[in-house]
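Proteins get letters first, then strands, A, B, ... in listed order; numbering begins at 1 in each. The structure presented is a predicted model; accordingly, all values stated were derived computationally and were not measured.
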Number of protein chains: 2
Amino acid sequence: MIEYSGQPHYLVAVDCIVFGFDGEHLKILLVKRGLEPEINKWSLMGGFVGANESPDDAANRVLKKMTGLEGVYLEQMQIYGEPDRDPIERTLSVGYFALIDIHKYEAQLNDDYEAEWFLINDKPKLIFDHNQMVADARKKLRYKAALHPILFEMLPKKFTIPQLHILFEEVNDTKIDTRNFSRKITSTGLLIKLAEKDKSGSKKGAFYFKLDKKKYSANAQAFLNLMPNLKV
Amino acid sequence: MIEYSGQPHYLVAVDCIVFGFDGEHLKILLVKRGLEPEINKWSLMGGFVGANESPDDAANRVLKKMTGLEGVYLEQMQIYGEPDRDPIERTLSVGYFALIDIHKYEAQLNDDYEAEWFLINDKPKLIFDHNQMVADARKKLRYKAALHPILFEMLPKKFTIPQLHILFEEVNDTKIDTRNFSRKITSTGLLIKLAEKDKSGSKKGAFYFKLDKKKYSANAQAFLNLMPNLKV
DNA sequence: TTATTAATTGTCAAAACGACAATTAATAAT
DNA sequence: ATTATTAATTGTCGTTTTGACAATTAATAA
(Lines give C-alpha, C1' and ligand atoms only; values in the text may rest on other atoms or scores of the structure.)
Protein backbone atom coordinates (compact mmCIF):
# COMPACT_ATOMS: atom_id res chain seq x y z
CA MET A 1 0.00 0.00 0.00
CA ILE A 2 1.20 3.48 -0.88
CA GLU A 3 1.77 5.94 1.93
CA TYR A 4 2.45 9.64 2.09
CA SER A 5 6.19 9.40 2.53
CA GLY A 6 7.90 10.58 5.61
CA GLN A 7 4.93 12.24 7.30
CA PRO A 8 4.58 11.70 11.03
CA HIS A 9 1.61 9.77 12.36
CA TYR A 10 -0.21 10.52 15.58
CA LEU A 11 -2.76 9.11 17.91
CA VAL A 12 -6.17 10.67 17.65
CA ALA A 13 -8.53 10.67 20.60
CA VAL A 14 -11.86 12.07 21.60
CA ASP A 15 -12.77 13.65 24.92
CA CYS A 16 -16.32 14.38 26.01
CA ILE A 17 -17.50 17.06 28.36
CA VAL A 18 -20.79 15.68 29.62
CA PHE A 19 -23.16 18.23 31.09
CA GLY A 20 -26.10 17.43 33.28
CA PHE A 21 -28.58 19.32 35.44
CA ASP A 22 -29.89 18.08 38.77
CA GLY A 23 -32.63 20.66 39.09
CA GLU A 24 -30.41 23.08 40.93
CA HIS A 25 -26.95 23.11 39.46
CA LEU A 26 -25.04 22.43 36.31
CA LYS A 27 -22.83 19.40 36.62
CA ILE A 28 -20.25 17.51 34.63
CA LEU A 29 -19.53 13.83 34.58
CA LEU A 30 -15.93 12.82 35.22
CA VAL A 31 -14.17 9.50 35.34
CA LYS A 32 -11.06 8.18 36.98
CA ARG A 33 -8.51 7.58 34.30
CA GLY A 34 -7.80 3.89 33.80
CA LEU A 35 -4.36 3.96 32.23
CA GLU A 36 -0.93 5.40 32.78
CA PRO A 37 0.16 8.10 32.98
CA GLU A 38 -1.94 9.93 35.52
CA ILE A 39 -3.86 6.75 36.32
CA ASN A 40 -6.65 7.23 38.87
CA LYS A 41 -6.68 10.96 38.36
CA TRP A 42 -9.96 12.59 37.37
CA SER A 43 -10.37 13.14 33.67
CA LEU A 44 -12.91 13.58 30.95
CA MET A 45 -14.41 10.56 29.27
CA GLY A 46 -12.29 9.77 26.31
CA GLY A 47 -10.83 7.18 24.08
CA PHE A 48 -8.83 6.66 20.95
CA VAL A 49 -10.39 6.85 17.52
CA GLY A 50 -10.48 3.32 16.16
CA ALA A 51 -9.41 2.26 12.72
CA ASN A 52 -12.92 1.93 11.38
CA GLU A 53 -14.69 4.80 12.99
CA SER A 54 -14.87 8.55 12.61
CA PRO A 55 -14.24 10.82 15.60
CA ASP A 56 -18.00 11.28 15.87
CA ASP A 57 -18.43 7.53 15.99
CA ALA A 58 -15.75 7.27 18.63
CA ALA A 59 -17.37 9.91 20.80
CA ASN A 60 -20.70 8.13 20.62
CA ARG A 61 -19.05 4.83 21.41
CA VAL A 62 -17.27 6.25 24.43
CA LEU A 63 -20.46 7.83 25.71
CA LYS A 64 -22.42 4.65 25.23
CA LYS A 65 -19.80 2.60 26.98
CA MET A 66 -19.47 4.90 29.95
CA THR A 67 -23.04 6.03 30.46
CA GLY A 68 -25.12 3.41 28.72
CA LEU A 69 -26.88 6.15 26.81
CA GLU A 70 -27.42 6.32 23.09
CA GLY A 71 -28.61 9.12 20.87
CA VAL A 72 -27.50 11.84 23.25
CA TYR A 73 -26.93 15.40 22.16
CA LEU A 74 -23.32 15.56 21.09
CA GLU A 75 -21.53 18.41 19.43
CA GLN A 76 -18.01 18.71 18.15
CA MET A 77 -16.22 21.54 19.83
CA GLN A 78 -12.67 21.87 18.60
CA ILE A 79 -9.45 19.98 18.24
CA TYR A 80 -6.74 20.06 20.85
CA GLY A 81 -3.42 19.49 19.21
CA GLU A 82 -0.52 21.12 20.99
CA PRO A 83 2.50 18.93 20.32
CA ASP A 84 3.22 18.28 23.99
CA ARG A 85 -0.29 18.03 25.38
CA ASP A 86 0.17 14.34 26.14
CA PRO A 87 3.45 13.47 27.82
CA ILE A 88 3.65 9.92 26.50
CA GLU A 89 3.33 10.45 22.82
CA ARG A 90 1.75 12.90 20.51
CA THR A 91 -2.03 12.65 20.68
CA LEU A 92 -4.52 15.01 19.16
CA SER A 93 -7.91 15.07 20.78
CA VAL A 94 -11.24 16.11 19.42
CA GLY A 95 -13.30 17.77 22.13
CA TYR A 96 -17.04 17.14 22.27
CA PHE A 97 -19.66 18.40 24.58
CA ALA A 98 -22.69 16.32 25.43
CA LEU A 99 -25.98 17.22 27.07
CA ILE A 100 -27.80 14.49 28.91
CA ASP A 101 -30.75 14.10 31.18
CA ILE A 102 -29.02 13.37 34.45
CA HIS A 103 -31.86 11.16 35.59
CA LYS A 104 -31.64 8.93 32.58
CA TYR A 105 -28.02 8.41 33.41
CA GLU A 106 -28.67 7.61 37.04
CA ALA A 107 -30.81 4.73 35.93
CA GLN A 108 -27.85 3.45 33.99
CA LEU A 109 -25.22 3.78 36.65
CA ASN A 110 -22.19 1.82 35.76
CA ASP A 111 -19.68 1.58 38.54
CA ASP A 112 -17.07 -0.02 36.34
CA TYR A 113 -15.78 3.37 35.43
CA GLU A 114 -15.99 5.22 38.69
CA ALA A 115 -17.82 8.00 37.00
CA GLU A 116 -19.05 10.78 39.18
CA TRP A 117 -21.02 13.98 38.82
CA PHE A 118 -19.35 17.18 39.96
CA LEU A 119 -20.73 20.65 40.34
CA ILE A 120 -19.31 22.64 37.46
CA ASN A 121 -17.98 25.13 39.96
CA ASP A 122 -16.51 22.55 42.27
CA LYS A 123 -14.70 20.02 40.20
CA PRO A 124 -11.29 18.51 40.83
CA LYS A 125 -8.24 19.37 38.80
CA LEU A 126 -8.20 17.33 35.63
CA ILE A 127 -5.35 15.81 33.71
CA PHE A 128 -3.57 17.31 30.72
CA ASP A 129 -5.49 20.12 29.07
CA HIS A 130 -8.86 18.83 30.20
CA ASN A 131 -9.41 21.84 32.44
CA GLN A 132 -9.13 24.06 29.41
CA MET A 133 -11.52 21.80 27.52
CA VAL A 134 -14.13 22.18 30.23
CA ALA A 135 -13.73 25.94 30.21
CA ASP A 136 -14.11 26.00 26.44
CA ALA A 137 -17.12 23.71 26.56
CA ARG A 138 -18.84 25.88 29.10
CA LYS A 139 -18.29 28.90 26.94
CA LYS A 140 -19.58 27.14 23.88
CA LEU A 141 -22.59 25.80 25.73
CA ARG A 142 -23.46 29.31 26.82
CA TYR A 143 -23.02 30.61 23.31
CA LYS A 144 -25.10 27.94 21.70
CA ALA A 145 -27.82 27.98 24.32
CA ALA A 146 -28.28 31.70 23.89
CA LEU A 147 -29.30 31.15 20.30
CA HIS A 148 -30.68 27.67 20.01
CA PRO A 149 -33.07 25.58 22.07
CA ILE A 150 -30.63 22.94 23.25
CA LEU A 151 -30.91 23.09 27.02
CA PHE A 152 -34.05 21.01 26.85
CA GLU A 153 -31.68 18.12 26.24
CA MET A 154 -30.74 18.27 29.91
CA LEU A 155 -34.31 18.11 31.20
CA PRO A 156 -36.78 15.25 31.43
CA LYS A 157 -39.49 14.99 28.80
CA LYS A 158 -41.87 16.69 31.16
CA PHE A 159 -40.47 19.83 32.74
CA THR A 160 -41.69 23.06 34.26
CA ILE A 161 -40.92 26.67 33.43
CA PRO A 162 -39.24 27.23 36.81
CA GLN A 163 -36.93 24.28 36.11
CA LEU A 164 -36.04 25.72 32.75
CA HIS A 165 -35.54 29.09 34.36
CA ILE A 166 -33.05 27.80 36.87
CA LEU A 167 -31.21 25.90 34.17
CA PHE A 168 -30.82 29.03 32.05
CA GLU A 169 -29.58 30.94 35.07
CA GLU A 170 -27.08 28.21 35.85
CA VAL A 171 -25.72 27.98 32.36
CA ASN A 172 -25.38 31.72 32.04
CA ASP A 173 -24.34 32.30 35.60
CA THR A 174 -26.72 35.21 35.95
CA LYS A 175 -30.15 36.15 37.22
CA ILE A 176 -32.96 36.32 34.69
CA ASP A 177 -36.23 38.09 35.32
CA THR A 178 -38.97 35.49 35.78
CA ARG A 179 -41.64 37.37 33.87
CA ASN A 180 -39.52 38.21 30.87
CA PHE A 181 -38.09 34.73 30.75
CA SER A 182 -41.49 33.13 30.81
CA ARG A 183 -42.74 35.42 28.09
CA LYS A 184 -39.78 34.77 25.86
CA ILE A 185 -39.64 31.04 26.28
CA THR A 186 -43.34 30.57 25.63
CA SER A 187 -43.29 32.93 22.67
CA THR A 188 -40.95 30.55 20.86
CA GLY A 189 -43.92 28.29 20.38
CA LEU A 190 -41.78 25.30 21.27
CA LEU A 191 -43.60 24.39 24.44
CA ILE A 192 -46.82 22.48 24.87
CA LYS A 193 -48.57 22.94 28.19
CA LEU A 194 -49.74 19.76 29.86
CA ALA A 195 -52.66 19.37 32.22
CA GLU A 196 -50.51 17.83 34.93
CA LYS A 197 -48.66 19.78 37.58
CA ASP A 198 -45.42 19.19 39.39
CA LYS A 199 -46.21 19.70 43.05
CA SER A 200 -42.89 18.62 44.47
CA GLY A 201 -41.50 22.11 44.60
CA SER A 202 -44.37 24.22 45.86
CA LYS A 203 -47.87 24.24 47.19
CA LYS A 204 -49.33 25.76 44.09
CA GLY A 205 -47.46 23.45 41.80
CA ALA A 206 -46.02 24.26 38.40
CA PHE A 207 -47.51 23.08 35.16
CA TYR A 208 -45.56 20.56 33.18
CA PHE A 209 -44.63 21.35 29.62
CA LYS A 210 -43.25 19.19 26.89
CA LEU A 211 -41.37 20.05 23.74
CA ASP A 212 -43.22 20.42 20.49
CA LYS A 213 -41.01 17.95 18.66
CA LYS A 214 -41.98 19.14 15.22
CA LYS A 215 -41.31 22.78 15.90
CA TYR A 216 -38.22 21.81 17.82
CA SER A 217 -36.56 20.08 14.92
CA ALA A 218 -37.76 22.80 12.58
CA ASN A 219 -36.21 25.43 14.82
CA ALA A 220 -33.07 23.59 15.82
CA GLN A 221 -31.11 25.80 13.47
CA ALA A 222 -33.02 29.02 14.03
CA PHE A 223 -31.69 31.95 15.98
CA LEU A 224 -33.89 32.56 18.94
CA ASN A 225 -32.25 35.16 21.11
CA LEU A 226 -33.04 33.38 24.31
CA MET A 227 -30.93 35.57 26.53
CA PRO A 228 -31.63 39.15 27.53
CA ASN A 229 -28.91 41.66 26.75
CA LEU A 230 -27.23 39.09 24.63
CA LYS A 231 -23.50 39.31 25.13
CA VAL A 232 -20.90 36.58 25.16
CA MET B 1 9.82 5.90 25.24
CA ILE B 2 6.48 4.56 26.42
CA GLU B 3 3.64 4.42 23.95
CA TYR B 4 -0.05 3.74 24.25
CA SER B 5 0.06 0.11 23.24
CA GLY B 6 -1.60 -1.12 20.13
CA GLN B 7 -3.46 2.05 19.18
CA PRO B 8 -3.48 2.96 15.51
CA HIS B 9 -1.75 6.12 14.36
CA TYR B 10 -2.95 8.40 11.60
CA LEU B 11 -1.87 11.28 9.50
CA VAL B 12 -3.34 14.59 10.51
CA ALA B 13 -3.72 17.37 7.99
CA VAL B 14 -5.24 20.82 7.73
CA ASP B 15 -7.29 22.19 4.86
CA CYS B 16 -8.11 25.85 4.44
CA ILE B 17 -11.11 27.36 2.75
CA VAL B 18 -9.87 30.82 1.80
CA PHE B 19 -12.61 33.36 1.12
CA GLY B 20 -12.09 36.62 -0.70
CA PHE B 21 -14.27 39.36 -2.13
CA ASP B 22 -13.53 41.19 -5.37
CA GLY B 23 -16.07 43.93 -4.87
CA GLU B 24 -18.79 41.99 -6.63
CA HIS B 25 -18.66 38.35 -5.71
CA LEU B 26 -17.53 35.99 -3.03
CA LYS B 27 -14.60 33.86 -4.15
CA ILE B 28 -12.47 31.02 -2.89
CA LEU B 29 -8.84 30.34 -3.52
CA LEU B 30 -8.00 26.89 -4.83
CA VAL B 31 -4.75 25.20 -5.74
CA LYS B 32 -3.74 22.40 -8.01
CA ARG B 33 -2.77 19.47 -5.86
CA GLY B 34 0.92 18.72 -6.07
CA LEU B 35 1.04 15.09 -5.04
CA GLU B 36 -0.50 11.77 -5.86
CA PRO B 37 -3.21 10.69 -5.81
CA GLU B 38 -5.39 13.14 -7.71
CA ILE B 39 -2.34 15.17 -8.68
CA ASN B 40 -3.16 18.31 -10.69
CA LYS B 41 -6.77 18.24 -9.60
CA TRP B 42 -8.17 21.31 -7.87
CA SER B 43 -8.15 21.16 -4.12
CA LEU B 44 -8.13 23.24 -1.00
CA MET B 45 -4.87 24.51 0.39
CA GLY B 46 -3.67 21.97 2.85
CA GLY B 47 -0.77 20.20 4.41
CA PHE B 48 0.17 17.76 7.08
CA VAL B 49 0.54 18.77 10.69
CA GLY B 50 4.25 18.68 11.48
CA ALA B 51 5.81 17.13 14.53
CA ASN B 52 6.38 20.39 16.34
CA GLU B 53 3.32 22.36 15.46
CA SER B 54 -0.33 22.45 16.42
CA PRO B 55 -3.04 22.26 13.75
CA ASP B 56 -3.47 26.03 14.13
CA ASP B 57 0.23 26.48 13.51
CA ALA B 58 0.03 24.24 10.48
CA ALA B 59 -2.88 26.14 9.01
CA ASN B 60 -1.04 29.43 9.41
CA ARG B 61 2.07 27.95 7.89
CA VAL B 62 0.18 26.63 4.88
CA LEU B 63 -1.53 29.96 4.36
CA LYS B 64 1.72 31.85 4.64
CA LYS B 65 3.45 29.55 2.22
CA MET B 66 0.70 29.65 -0.37
CA THR B 67 -0.42 33.25 -0.17
CA GLY B 68 2.47 35.05 1.45
CA LEU B 69 0.06 36.48 3.99
CA GLU B 70 0.47 36.45 7.75
CA GLY B 71 -1.94 37.27 10.51
CA VAL B 72 -5.00 36.50 8.44
CA TYR B 73 -8.36 35.76 9.99
CA LEU B 74 -8.42 32.03 10.50
CA GLU B 75 -11.01 29.98 12.28
CA GLN B 76 -11.16 26.31 13.06
CA MET B 77 -14.24 24.77 11.59
CA GLN B 78 -14.44 21.05 12.29
CA ILE B 79 -12.55 17.85 11.85
CA TYR B 80 -13.09 15.58 8.90
CA GLY B 81 -12.32 12.06 9.91
CA GLU B 82 -14.25 9.45 7.99
CA PRO B 83 -12.02 6.37 7.85
CA ASP B 84 -11.95 6.24 4.06
CA ARG B 85 -11.84 9.92 3.18
CA ASP B 86 -8.34 9.62 1.83
CA PRO B 87 -7.79 6.62 -0.47
CA ILE B 88 -4.08 6.27 0.25
CA GLU B 89 -4.05 6.01 3.98
CA ARG B 90 -6.08 7.20 6.86
CA THR B 91 -5.80 10.95 7.21
CA LEU B 92 -7.87 13.16 9.43
CA SER B 93 -8.13 16.75 8.37
CA VAL B 94 -8.91 19.84 10.39
CA GLY B 95 -10.91 22.26 8.30
CA TYR B 96 -10.26 25.99 8.64
CA PHE B 97 -11.83 28.92 6.96
CA ALA B 98 -9.85 32.05 6.27
CA LEU B 99 -10.93 35.54 5.31
CA ILE B 100 -8.49 37.63 3.38
CA ASP B 101 -8.40 40.91 1.55
CA ILE B 102 -8.22 39.68 -2.02
CA HIS B 103 -6.17 42.69 -3.07
CA LYS B 104 -3.50 42.03 -0.50
CA TYR B 105 -3.17 38.59 -1.94
CA GLU B 106 -2.91 39.78 -5.51
CA ALA B 107 0.13 41.77 -4.54
CA GLN B 108 1.67 38.56 -3.27
CA LEU B 109 0.90 36.38 -6.24
CA ASN B 110 2.91 33.24 -6.12
CA ASP B 111 2.68 31.19 -9.25
CA ASP B 112 4.56 28.28 -7.74
CA TYR B 113 1.31 26.85 -6.54
CA GLU B 114 -1.00 27.55 -9.41
CA ALA B 115 -3.46 29.06 -7.03
CA GLU B 116 -6.54 30.60 -8.56
CA TRP B 117 -9.62 32.45 -7.41
CA PHE B 118 -12.99 30.95 -8.27
CA LEU B 119 -16.44 32.35 -7.90
CA ILE B 120 -17.99 30.50 -4.99
CA ASN B 121 -20.87 29.54 -7.26
CA ASP B 122 -18.70 28.46 -10.13
CA LYS B 123 -15.90 26.37 -8.78
CA PRO B 124 -14.54 23.11 -10.17
CA LYS B 125 -15.13 19.79 -8.50
CA LEU B 126 -12.64 19.28 -5.74
CA ILE B 127 -10.88 16.18 -4.51
CA PHE B 128 -11.92 13.95 -1.64
CA ASP B 129 -14.41 15.59 0.72
CA HIS B 130 -13.27 19.11 -0.09
CA ASN B 131 -16.58 19.96 -1.72
CA GLN B 132 -18.32 19.20 1.54
CA MET B 133 -15.76 21.29 3.40
CA VAL B 134 -16.50 24.28 1.20
CA ALA B 135 -20.23 23.86 1.73
CA ASP B 136 -19.69 23.66 5.49
CA ALA B 137 -17.41 26.67 5.48
CA ARG B 138 -19.92 28.74 3.59
CA LYS B 139 -22.58 27.85 6.08
CA LYS B 140 -20.35 28.67 8.99
CA LEU B 141 -19.27 31.94 7.43
CA ARG B 142 -22.88 32.93 7.06
CA TYR B 143 -23.65 31.96 10.61
CA LYS B 144 -20.71 33.79 12.10
CA ALA B 145 -21.11 36.87 9.95
CA ALA B 146 -24.72 37.24 11.03
CA LEU B 147 -23.60 37.71 14.60
CA HIS B 148 -20.08 39.05 14.55
CA PRO B 149 -18.30 41.72 12.58
CA ILE B 150 -15.92 39.51 10.63
CA LEU B 151 -16.65 40.36 7.02
CA PHE B 152 -14.49 43.47 7.34
CA GLU B 153 -11.60 41.05 7.12
CA MET B 154 -12.33 40.66 3.43
CA LEU B 155 -12.30 44.39 2.68
CA PRO B 156 -9.45 46.89 2.38
CA LYS B 157 -8.75 49.16 5.30
CA LYS B 158 -10.77 51.87 3.63
CA PHE B 159 -14.12 50.70 2.37
CA THR B 160 -17.54 52.12 1.59
CA ILE B 161 -20.99 51.22 2.84
CA PRO B 162 -22.12 50.07 -0.61
CA GLN B 163 -19.13 47.71 -0.75
CA LEU B 164 -20.04 46.30 2.63
CA HIS B 165 -23.64 46.03 1.51
CA ILE B 166 -22.80 43.95 -1.53
CA LEU B 167 -20.54 41.74 0.54
CA PHE B 168 -23.30 41.01 3.03
CA GLU B 169 -25.68 40.23 0.21
CA GLU B 170 -23.15 37.91 -1.38
CA VAL B 171 -22.41 36.02 1.79
CA ASN B 172 -26.06 35.61 2.63
CA ASP B 173 -27.21 35.15 -0.92
CA THR B 174 -30.09 37.53 -0.43
CA LYS B 175 -31.16 41.11 -1.00
CA ILE B 176 -30.87 43.49 1.92
CA ASP B 177 -32.67 46.82 2.11
CA THR B 178 -30.12 49.60 1.65
CA ARG B 179 -31.62 51.95 4.23
CA ASN B 180 -32.04 49.40 6.96
CA PHE B 181 -28.61 47.96 6.31
CA SER B 182 -26.97 51.34 6.51
CA ARG B 183 -28.77 52.17 9.71
CA LYS B 184 -27.84 48.89 11.34
CA ILE B 185 -24.22 48.84 10.32
CA THR B 186 -23.59 52.41 11.44
CA SER B 187 -25.45 51.89 14.69
CA THR B 188 -22.88 49.31 15.70
CA GLY B 189 -20.52 52.19 16.27
CA LEU B 190 -17.73 50.22 14.64
CA LEU B 191 -17.29 52.51 11.66
CA ILE B 192 -15.41 55.76 11.41
CA LYS B 193 -16.35 57.99 8.52
CA LEU B 194 -13.45 59.41 6.57
CA ALA B 195 -13.36 62.66 4.62
CA GLU B 196 -12.32 60.96 1.42
CA LYS B 197 -14.70 59.52 -1.13
CA ASP B 198 -14.46 56.59 -3.46
CA LYS B 199 -15.51 57.92 -6.86
CA SER B 200 -14.72 54.85 -8.89
CA GLY B 201 -18.22 53.50 -8.69
CA SER B 202 -20.43 56.48 -9.15
CA LYS B 203 -20.59 60.18 -9.94
CA LYS B 204 -21.58 61.14 -6.46
CA GLY B 205 -18.96 58.98 -4.86
CA ALA B 206 -19.28 57.01 -1.62
CA PHE B 207 -17.58 58.01 1.58
CA TYR B 208 -14.83 55.79 2.81
CA PHE B 209 -15.06 54.33 6.28
CA LYS B 210 -12.55 52.56 8.41
CA LEU B 211 -12.92 50.23 11.33
CA ASP B 212 -12.76 51.55 14.85
CA LYS B 213 -10.08 49.10 15.90
CA LYS B 214 -10.70 49.53 19.60
CA LYS B 215 -14.41 48.95 19.40
CA TYR B 216 -13.83 46.20 16.89
CA SER B 217 -11.68 44.12 19.21
CA ALA B 218 -14.01 44.94 22.10
CA ASN B 219 -16.98 43.72 20.09
CA ALA B 220 -15.36 40.78 18.37
CA GLN B 221 -17.24 38.47 20.71
CA ALA B 222 -20.46 40.44 20.93
CA PHE B 223 -23.68 39.39 19.30
CA LEU B 224 -24.70 42.01 16.83
CA ASN B 225 -27.64 40.66 14.87
CA LEU B 226 -26.36 41.98 11.59
CA MET B 227 -28.90 40.24 9.44
CA PRO B 228 -32.58 41.06 9.12
CA ASN B 229 -34.96 38.20 9.78
CA LEU B 230 -32.14 36.24 11.23
CA LYS B 231 -32.51 32.63 10.22
CA VAL B 232 -29.88 30.07 9.41
C1' DT C 1 -60.53 30.89 57.81
C1' DT C 2 -56.16 32.66 57.36
C1' DA C 3 -51.29 32.55 56.50
C1' DT C 4 -47.75 31.08 53.59
C1' DT C 5 -45.25 30.08 49.50
C1' DA C 6 -44.11 29.79 44.92
C1' DA C 7 -46.19 30.09 40.15
C1' DT C 8 -48.36 32.87 37.06
C1' DT C 9 -49.89 36.84 34.73
C1' DG C 10 -49.83 42.22 33.38
C1' DT C 11 -48.27 47.07 32.29
C1' DC C 12 -45.72 50.43 30.04
C1' DA C 13 -42.16 53.19 28.08
C1' DA C 14 -38.09 52.68 25.16
C1' DA C 15 -35.73 50.59 21.59
C1' DA C 16 -35.36 47.88 17.53
C1' DC C 17 -37.32 46.37 13.51
C1' DG C 18 -38.93 46.24 8.80
C1' DA C 19 -41.31 48.16 5.02
C1' DC C 20 -41.39 51.99 2.35
C1' DA C 21 -39.39 56.62 -1.13
C1' DA C 22 -37.53 61.13 -1.43
C1' DT C 23 -33.35 63.90 -1.62
C1' DT C 24 -28.63 64.86 -2.57
C1' DA C 25 -24.04 65.13 -4.79
C1' DA C 26 -21.50 64.51 -8.30
C1' DT C 27 -20.63 63.97 -13.43
C1' DA C 28 -22.09 63.86 -18.33
C1' DA C 29 -24.81 65.56 -21.92
C1' DT C 30 -27.18 69.21 -24.18
C1' DA D 1 -25.16 77.32 -18.07
C1' DT D 2 -28.76 74.12 -17.70
C1' DT D 3 -30.45 69.67 -17.56
C1' DA D 4 -30.24 64.74 -17.38
C1' DT D 5 -28.37 60.86 -15.18
C1' DT D 6 -26.79 57.83 -11.70
C1' DA D 7 -25.80 56.06 -7.43
C1' DA D 8 -25.30 57.42 -2.42
C1' DT D 9 -27.52 59.08 1.36
C1' DT D 10 -31.01 60.20 4.50
C1' DG D 11 -36.07 59.88 6.74
C1' DT D 12 -40.79 58.26 8.30
C1' DC D 13 -43.91 55.45 10.63
C1' DG D 14 -46.46 51.72 12.38
C1' DT D 15 -45.37 47.24 14.55
C1' DT D 16 -42.90 44.32 17.39
C1' DT D 17 -39.66 43.35 20.88
C1' DT D 18 -37.45 44.44 24.77
C1' DG D 19 -36.51 45.20 29.63
C1' DA D 20 -37.78 47.01 33.95
C1' DC D 21 -41.13 46.74 37.22
C1' DA D 22 -45.32 44.24 40.98
C1' DA D 23 -49.77 42.35 41.62
C1' DT D 24 -52.53 38.17 41.54
C1' DT D 25 -53.47 33.35 41.85
C1' DA D 26 -53.53 28.45 43.34
C1' DA D 27 -52.45 25.37 46.29
C1' DT D 28 -51.21 23.67 51.10
C1' DA D 29 -50.41 24.36 56.04
C1' DA D 30 -51.54 26.48 60.20
- What is the distance from CG of B:D177 to P of D:dA8, rounded to the nearest Å? 14 Å
- Message: For C:dG18, does the base pair up with any side-chain atom of B:R183 as donor and acceptor (N or O, under 3.5 Å, distance only)?
- Response: yes
- From NZ of A:K204 across to P of D:dT25 the rounded distance in Å is 9 Å
- Item | A:W117 side chain near A:L30 side chain, heavy-atom distance below 4.5 Å | no
- Item | Pair assignment for DNA chain D - dot-bracket with | for other-strand partners, Watson-Crick or G-U under 3.5 Å | ||||||||||||||||||||||||||||||
- What about B:F19 and B:H25, are their ring centers closer than 6.0 Å? no
- Item | Interatomic distance, A:K175 NZ vs D:dC21 P [rounded to whole Å] | 16 Å
- Message: Counting the atoms with a prime plus P, OP1 and OP2 as sugar-phosphate, which does A:T178 contact under 4.0 Å by heavy atoms, base, sugar-phosphate, or nothing?
- Response: base
- Query: Any side-chain N or O of A:K197 less than 4.0 Å from the OP1 or OP2 oxygen of D:dA27?
  - Reply: yes
- Could you state the CZ-P distance from B:R179 to C:dA19, rounded to the nearest angstrom? 11 Å
- Query: Roughly, in whole Å, what's the span from NE2 in A:H165 to C1' in C:dT8?
  - Reply: 13 Å
- Item | B:Y143 and A:L147, any side-chain heavy atoms less than 4.5 Å apart | yes
- On DNA chain D, check which nucleotide each of A:S187 and A:F207 is closest to and give me the residue with the more 5' one. A:S187
- Candidates A:F181, A:F159, A:F209 - the one meeting ring pair (Phe, Tyr, Trp, His ring centres under 6.0 Å) with A:H165: A:F181
- Query: Expressed in angstrom and rounded to an integer, what is the separation of A:D198 atom CG from D:dT28 atom P?
  - Reply: 13 Å
- Message: So B:D15 and B:V62, do their side chains get closer than 4.5 Å, heavy atoms only?
- Response: no
- Message: Would A:K32 and A:W42 count as a cation-pi pair here, with the cationic atom under 6.0 angstrom from the ring centre and within 45° of the axis?
- Response: yes
- Task: Check the distance between D:dT6's P and B:K203's NZ and give it to me in whole angstrom.
- Result: 6 Å
- Item | A:K199 side chain near D:dA27 phosphate (N/O to OP1/OP2, under 4.0 Å) | no
- Would you tell me if any nitrogen or oxygen in the side chain of A:K184 comes within less than 4.0 Å of OP1 or OP2 on D:dT18? yes
- Message: Measure CG/A:N180 against C1'/D:dA20 and give the value in whole Å, please.
- Response: 7 Å
- Item | From A:K64, A:K104, A:K65, residue fulfilling salt bridge (charged side-chain N to carboxylate O under 4.0 Å, His left out) relative to A:E70 | A:K64
